[in-house]
Each structure stands twice: as C-alpha cells, then as structure tokens.
Amino acid sequence: MILHLAINEIKLLHRTKMGYLFVGVYMMVSSLLFWVIDNDYNIISSGIGDLRPFFELSPWLLAFLIPAISMKSFSDETQNGTLEILFSSPISLAHLVIGKFIGILSLILFALLPLIVYFFAIQQLSEPRGYFDWMSHLSGLLSIFLVGTVYTGLSICLSILFRNSVLVVIIGVIACLFHYYGWFYIANLSRDFYWYQFIDSIGILNHYLSPSRGVLGVSDVFYFLFNTLLFLFFGISLLHQLRHR
C-alpha cells in the first residue's frame, strides 16, 4: 500500500512538472555557484579538490527546494476537498503520510544523484591527478540526503497545517532554516555550557558538520532518523485531528 501511494505521488509530481522545475532550478543555481560565478563557494577559485564548500551551502539550497516541492502534498487535498475522500477510504493515515514522504524524497534523491558527476570532475582536476577521498565525499552526500529527509518531514507537517501553498513555502523555508541554524544562535545566548550544548544539539547544524566533513557518527544518523520519524508522527497526528473534526 505504501509503495503504491509513493508511486502515485511520484507520478503526480512528474505529471505536473512542478518537481522538474524546482529540481532544474536547484541544479542550475548550485552549478553556477560552484563552477561559474566567482564567490567563496566556487570550487575552481578555491583551488582545493574537495566539495566542502558545496556541503556547507547545500542545506541552505535544500531549505528553499524542499518546501517548494512539498507545498502541494496535502494543502491541495484540503483545498480541493479530496482529503475528506481519503479519510473515508480504507487507506491508513500513516500509509498516506509515508507514501507522500517517499514520493517527495525520491525527487530529492533525483536532484542529488547528478552531484556524483562533481566527484568525477574534481577527481580529474585534483593533484596528484586522480586522487579523491571518495569515502569522505560520499559521507557528505549522505549527510545532505539525511538533512533532506528532516526538511521533507517538516514541510509535510506544514502542508497539513496550512491550506495556502504559497504560505507553506514561505513558512517552510523559515522553519527549515531555523531548525538548521536557529538553535545555534539561541544556544549562543546561554552563559551556561550545559545549556549551550543541549540547545545546540537540538539543531541540525551541530549534527551536520561532522558528517559533511567525512566523519559520519552513529549519534548523528540517529538524530536525523529520529527527527524525521518525529515529524512524520506529528503529520499523522495532525491528520487524525482533521479527520475527527
């Protein structure tokens, strides 16, 4: 059932071509920033044969991409009145949320896979020629994907809460960026080191830095999985509340 719902969501994203549009914009912007435009993240200008600048900026780009892809996942169902039909069907609400989650995540994976081309390009440009730390960069790529899973779960919750798709995107971008970087700023306001560590550990940034640099710890993976499951649980709970209304 979940797989069937996920396939339907993928077909819907492909049929509307909205997903292709946002993925295309994401790939174009990232390519311009890292290869063409002269800036602090440009790989050619830095003269360093790794993708750490890319890993630093990617969570910010995904914070705009994922809410845009997820905006119609449930808000359109509410606007069109089809959500009541889904409530009366034998489909489990958990299966419905997870199916849409997998569908959106597949599109994000589609956007990230071409980045492997960057790996081969840097391998050819590196000195000594052909030297490239594959494990470190694959770890960074996995960490970006894990950030994407958290963003997707959060965006789905917002799509359930708000009917207006544009509002979902705006609040989604703010929420994703806050969850990534906001807790770090709040932690800096604390003078107590224990509270600083605790508040900072809530945010994504604290758990993303090490994996993006090639050190993927079990605690970091657990953090991303726990956050994703937590947002999916919230989404299912919100749907239950809407059905009871």
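The figures that follow rest on heavy atoms only: side chains count, while hydrogens, waters and symmetry mates do not.
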Test item: T149 side-chain N/O and L146 main-chain N/O as donor-acceptor pair under 3.5 Å: yes

Heavy-atom closest pair, residues L158 and A175: CD1-CB, 4.2 Å

Spacing of CD1 belonging to I102 relative to CG belonging to L107, to within rounding of 0.5 Å: 14.0 Å

Side chain S159, main chain S155, donor-acceptor under 3.5 Å: no

C157 side, atom SG; F233 side, atom CZ - distance, nearest 0.5 Å: 10.5 Å

Y223: partners by ring-ring contact (aromatic ring centres under 6.0 Å, His included), with sequence neighbours left out: H207

S70 versus T152, closest heavy-atom pair with distance: OG-CG2, 4.5 Å

Hydrophobic cluster identity match, M27 and W60, side-chain contacts under 4.5 Å: yes

Euclidean distance, L96 CG relative to I98 CD1, rounded to 0.5 Å: 10.0 Å

Joint hydrophobic cluster, V147 plus I202, side-chain heavy atoms closer than 4.5 Å: no

same_hphob_cluster(L177, I199) at 4.5 Å side-chain heavy-atom cutoff: no

Aromatic ring pairing Y181/Y185, orientation class (parallel under 30°, perpendicular over 60°, tilted between): perpendicular

Set of residues satisfying ring-ring contact (aromatic ring centres under 6.0 Å, His included) with respect to F178, sequence neighbours excluded: W183

Co-members of the apolar cluster containing V166 [side chain, <4.5 Å]: I170, I174

Nearest-0.5 Å distance, CG of residue L232 to CD1 of residue I156: 6.0 Å

Verify same cluster id: L230, F101 (apolar side-chain graph, 4.5 Å): yes

Evaluation steps, side chain to side chain contact (heavy atoms under 4.5 Å, CB included), between V168 and R163: CA-CA 8 Å; V168 172; R163 294 187 177 186; over 6 Å; no

G103 backbone acceptor or donor facing S106 side chain under 3.5 Å: yes

From I236 atom CD1 to H95 atom NE2, the distance as rounded to the nearest 0.5 Å: 9.0 Å

Backbone N/O of F55 and side chain of Y208: donor-acceptor pair under 3.5 Å: yes

Residue pair Y151 / P59, side-chain heavy-atom distance below 4.5 Å: yes

F231 and F234 aromatic ring geometry - parallel, tilted or perpendicular at 30°/60° bounds: perpendicular

Main-chain N/O of A187 paired to S190 side chain as donor or acceptor, under 3.5 Å: no

Shared hydrophobic cluster for L154 and I186 (ILVMFWY, side-chain gaps under 4.5 Å): no

V218 side chain reached by V221 side chain, heavy atoms, under 4.5 Å: no

Separation between CD1 of I69 and CZ of F64, rounded to the nearest 0.5 Å: 14.0 Å

